[in-house]
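There's a structure below that I have some questions on.
Values below: every heavy atom of this structure, side chains too, minus hydrogens, waters and symmetry copies. Residue numbers begin at 1 in each chain, while the letters A, B, ... track the order of the sequences. It should be emphasised that the depicted structure is a prediction, and the values quoted were computed from it without experimental measurement.
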Number of protein chains: 2
Amino acid sequence: MLRFDCTKKGDRLEYENISERKLQILYSAVEDYIQFATPITSGSVHEKYIQDISPATLRNELSALEAMGYLKQLHTSSGRVPTTKAYRLYVNELMKSTKFGKKELETVRDLLSKRTAYLTDVISQVAGVISQATNYPAVVVLNGYDNLPIESIKIIPLIDKSALLLIGTKNGIVNGQFNLSSGVTEEVCVDASNLLTKKFYGKTIKYMRDNIQTELVDAKNEIDSFSGLYNNLIDCLSNLISGQSHIIKVGETKLLNNPEYTDLKDAKKVLDILEDDNELKQVFENGDENEISFTIGRENNSEDLKSCSVVKANYKIGGKQIASIGVIGPERMDYSNVAGALKVIVSELNKLNLLTKTNPEGDEQN
Amino acid sequence: MLRFDCTKKGDRLEYENISERKLQILYSAVEDYIQFATPITSGSVHEKYIQDISPATLRNELSALEAMGYLKQLHTSSGRVPTTKAYRLYVNELMKSTKFGKKELETVRDLLSKRTAYLTDVISQVAGVISQATNYPAVVVLNGYDNLPIESIKIIPLIDKSALLLIGTKNGIVNGQFNLSSGVTEEVCVDASNLLTKKFYGKTIKYMRDNIQTELVDAKNEIDSFSGLYNNLIDCLSNLISGQSHIIKVGETKLLNNPEYTDLKDAKKVLDILEDDNELKQVFENGDENEISFTIGRENNSEDLKSCSVVKANYKIGGKQIASIGVIGPERMDYSNVAGALKVIVSELNKLNLLTKTNPEGDEQN
DNA sequence: TGTTAGCACTCCATAACTTTGACTGCTAGC
DNA sequence: GCTAGCAGTCAAAGTTATGGAGTGCTAACA
């Protein structure tokens with residue numbers, strides 16, 4: 001069965017003077033290797049994909065593709081496996097952009113429709129959905145809270161002289177906690193909440209951080225009792241904003257389902273990176289600015305990740321990066337399925353975002 | 001070096017007619033195997049632990065201990081490894097109850113002192129601390145919210161016609177979300193919050209569930225606008241209470257650090273159970289009602305866990321089970337260290353609990 | 001009766017070797 | 001330019017030796 005349809009001939013030839021037939025063979029080879037993880041042989045390509053070319057001819061073609069750097073043999077008399085160059089060509093030019101079934105789409109929608117209020121809950125939910133849809137470990141890196149647009153601010157006094165800070169954003173509630181000086185009443189908190197919401201509605205959290213000092217000095221003059229809140233609130237805000245670039249991981253052990261990691265030593269290298277939040281953050285800060293970004297095998301900076309690929313979606317709002325959402329897996333990754341899953345999830349997240357966006361305007365007009 | 005000091009002779013003899021010398025040998029054997037994971041031999045015991053008994057005599061003793069079922073040989077001419085029976089004796093009678101260093105204690109206190117408001121955050125923090133302190137995968141199963149005592153109830157309207165429900169408990173905030181009918185003002189939410197807090201302060205969440213219908217019927221009569229809240233709030237409460245017995249896992253891959261899981265097939269069996277929340281819940285519902293409960297090797301019900309041990313602490317408030325906190329690891333687990341870590345964490349949790357308990361009374365008296 | 005030295009026995013772990021089979025590269029013919 | 005067929009190659013699996021660690025047993029001793 002020939003799965004390759006020739007639609008982008010012009011683009012392809014930019015890469016190299018590579019015949020259409022070689023591309024067809026390479027496409028079959030990569031897809032087969034992704035699916036079965038066994039080296040490609042002239043026999044298997046003939047049998048499964050391209051019956052009208054004999055194995056002997058395929059041998060010549062495979063040999064040529066090897067000379068061009070798209071395939072490599074593990075040893076003489078073994079079949080061939082794709083190189084990073086082949087995966088790159090496959091990802092850029094050959095693969096169907098989304099091989100993501102309707103059934104999976106339904107599952108994703110179902111899971112995301114159970115909306116949760118807190119941003120961190122949304123993130124871990126998203127990570128879970130991706131890991132389930134792709135069967136690889138999923139990682140979500142929230143790139144700080146700076147770019148999130150504020151919808152409302154609430155300060156809620158708790159019983160033991162502390163208070164919750166809830167910042168409602170279009171994506172979910174961000175929360176912090178701080179201590180109240182004695183004498184701060186529930187009323188003061190309500191007043192402060194209203195004041196802050198009024199001053200910062202529609203602005204980003206970064207804007208709030210940069211301007212809260214001056215804004216609150218004014219407020220302090222207006223409202224006396226506000227002083228019991230002032231310092232601690234600012235502390236809380238700066239803690240909230242500076243430190244917490246949240247990272248969530250789900251399904252690390254799914255890595256072990258792949259035959260390239262039957263040797264624990266190899267698996268350990270990758271799992272150790274998955275354990276180390278700082279390293280992982282760096283990994284997910286790499287890649288280009290496209291909607292979906294692929295870092296394949298040897299393209300990875302880290303030596304221990306040369307056997308891996310990282311696929312991530314850049315989740316943006318108003319052109320500003322909010323989070324990196326992605327998976328990590330063997331170089332022999334099902335790129336098509338992963339890219340499909342990530343696209344669907346980002347698009348569903350954007351829909352949720354629109355949903356919350358329309359309502360407050362309705363409220364405002366009332 | 002003889003690490004065993006004889007203090008509980010009377011108790012020990014209840015088990016079996018086993019000489020003090022055999023106990024000393026067995027103690028050395030188990031501790032050595034826990035530390036090095038290599039079979040015990042007459043030579044190594046002589047060299048490392050009991051110099052004044054010759055290897056030949058130790059051979060006789062080890063052979064006798066094998067006949068009694070405390071040791072087993074993997075094959076003739078191999079050393080011996082402890083059986084489940086040996087670990088059970090070790091845990092019940094021989095081990096030092098806490099082998100938990102001051103340094104580790106400081107770490108635990110540090111981590112727990114960064115108090116977070118939300119119960120789910122507290123739980124995952126606790127799981128992280130345990131996994132870090134023991135170097136095994138940690139699991140926390142929150143046994144529903146039923147037994148948590150209520151301190152305050154807040155309903156917070158969000159911008160898009162939905163509302164947050166925050167139930168403050170002595171252990172942390174439990175939160176839910178529900179939709180508001182139109183016309184429900186911020187004032188109504190405040191009134192409802194105050195009313196609910198007044199009615200249910202000090203009662204458990206279970207009590208609230210069982211009595212909210214009747215209590216709120218009265219309130220509906222008092223306050224007209226309350227009807228916009230009524231149904232959805234009850235829905236939210238019952239969802240909150242029934243479904244969510246939270247389970248949190250941290251450090252699953254730490255299992256792979258142990259030599260008994262260098263074969264991925266063996267590791268997979270255990271990791272699969274760690275993936276399956278339902279099965280895991282059952283595992284952690286087993287065990288006795290003691291403060292710390294050990295389920296060792298073959299004592300496990302699940303066939304796939306016969307090579308594992310599960311140690312859990314029952315975290316209770318007022319005698320009522322709140323959560324199971326524990327670790328899962330190879331049968332050759334460092335029981336002493338794990339038990340120490342769990343005890344410390346439960347005791348620190350109880351302290352935090354007391355801390356929040358004193359403050360509201362202060363508030364009440366003001 | 002309990003302890004101990006010494007020796008024979010056992011059996012795993014490791015390495016060296018052999019066999020098998022899958023696949024390629026090459027050559028010659030179409 | 002394509003293809004059949006055959007020789008060559010090499011890993012994977014199976015087989016056979018070798019070494020060494022550890023026990024069990026026996027006989028002597030306190």
Side-chain angles (χ1 to χ4, degrees), chain A residues 2 17-26 28-29 32-33 36-83 86 259-260 262-263 266, chain B residues 2 17-26 28-29 32-33 36-83 86 259-260 262-266:
Chain A
L2 193 66
N17 201 348
I18 178 171
S19 73
E20 193 61 30
R21 188 167 80 171
K22 282 194 180 57
L23 285 177
Q24 289 171 351
I25 293 169
L26 191 58
S28 305
D32 188 83
Y33 192 66
F36 300 109
T38 54
I40 310 304
T41 70
S42 57
S44 70
V45 173
H46 173 73
E47 203 177 299
K48 290 198 250 177
Y49 306 102
I50 313 184
Q51 285 80 7
D52 55 353
I53 307 181
S54 81
T57 308
L58 285 168
R59 276 205 284 284
N60 291 333
E61 292 288 57
L62 291 173
S63 175
L65 282 166
E66 179 168 11
M68 297 166 85
Y70 290 108
L71 295 174
K72 67 186 168 198
Q73 281 185 300
L74 304 171
H75 53 87
T76 10
S77 91
S78 83
R80 291 171 167 97
V81 299
T83 61
E260 26 276 279
T262 40
D263 187 348
D266 302 328
Chain B
L2 194 66
N17 201 347
I18 177 171
S19 74
E20 195 60 32
R21 187 167 81 173
K22 282 195 178 62
L23 285 177
Q24 289 171 353
I25 294 169
L26 191 58
S28 305
D32 189 82
Y33 192 66
F36 301 109
T38 54
I40 310 304
T41 70
S42 56
S44 69
V45 173
H46 173 73
E47 204 176 298
K48 290 198 250 177
Y49 306 101
I50 312 184
Q51 285 79 7
D52 56 351
I53 307 180
S54 79
T57 309
L58 284 168
R59 277 205 283 286
N60 291 334
E61 292 289 56
L62 291 173
S63 175
L65 283 166
E66 179 167 11
M68 295 165 88
Y70 289 109
L71 295 173
K72 66 186 169 198
Q73 280 185 301
L74 304 171
H75 53 86
T76 9
S77 89
S78 83
R80 291 169 167 97
V81 297
T83 60
E260 25 276 279
T262 40
D263 187 348
L264 257 191
K265 277 175 214 151
D266 301 328

In whole angstroms, how far is the C1' atom of D:dT3 from the CZ atom of A:Arg21?
-> 12 Å
Measure the distance from CD1 on B:Ile25 to C1' on C:dT3 and round it to the nearest whole Å.
-> 13 Å
Length of the line joining B:Ile53:CD1 and C:dA5:C1', which is rounded to integer Å | 16 Å
Phosphate OP1/OP2 of C:dT3: any B:Ser54 side-chain N/O under 4.0 Å = no
Which heavy atom of B:Met68 sits nearest a heavy atom of B:Ile18, and at what distance?
-> CE-CB, 3.8 Å
Are any side-chain N or O atoms of A:Gln73 and backbone N or O atoms of A:Ser78, one a donor and one an acceptor, separated by less than 3.5 Å?
-> yes
Taking all non-hydrogen atoms of both residues, which atom of B:Arg21 and which atom of B:Ile53 are closest, and how far apart?
-> CD-CD1, 3.3 Å
Looking only at heavy atoms, the pair that brings B:Tyr33 and B:Pro39 closest together is CE1-N, 4.0 Å
Can you tell me how far P of D:dG1 sits from CG of A:Asp52, to the nearest Å?
-> 18 Å
Could you tell me whether a side-chain N or O of A:Thr83 sits under 3.5 Å from a main-chain N or O of A:Gly69, the two making a donor and an acceptor?
-> yes
Under the salt bridge (charged side-chain N to carboxylate O under 4.0 Å, His left out) rule, collect the residues that match up with B:Arg59, sequence neighbours excluded.
-> none
Nearest-Å distance for atom pair NE2/P, residues A:His75 and C:dG21 | 17 Å
A:Lys22 atom NZ is separated from D:dG1 atom P, nearest whole Å, by 10 Å
How long is the line joining CD of A:Gln51 and C1' of D:dC2, in whole Å?
-> 17 Å
Show me the protein contacts with nucleotides 14-24 of chain D, counting only N or O atoms at under 3.5 Å.
| from | atom 1 | to | atom 2 | distance (Å) |
| --- | --- | --- | --- | --- |
| D:dT23 | OP1 | B:Ser42 | N | 3.1 |
| D:dT23 | OP2 | B:Ser42 | OG | 2.8 |
| D:dG24 | OP1 | B:Arg80 | NH2 | 2.7 |
| D:dG24 | OP2 | B:Arg80 | NH2 | 3.2 |
| D:dG24 | N7 | B:Arg59 | NE | 3.1 |
| D:dG24 | O6 | B:Arg59 | NH2 | 3.2 |

Please state how far atom CG in B:Leu58 lies from atom C1' in C:dT3, giving the value in whole angstrom units.
-> 11 Å
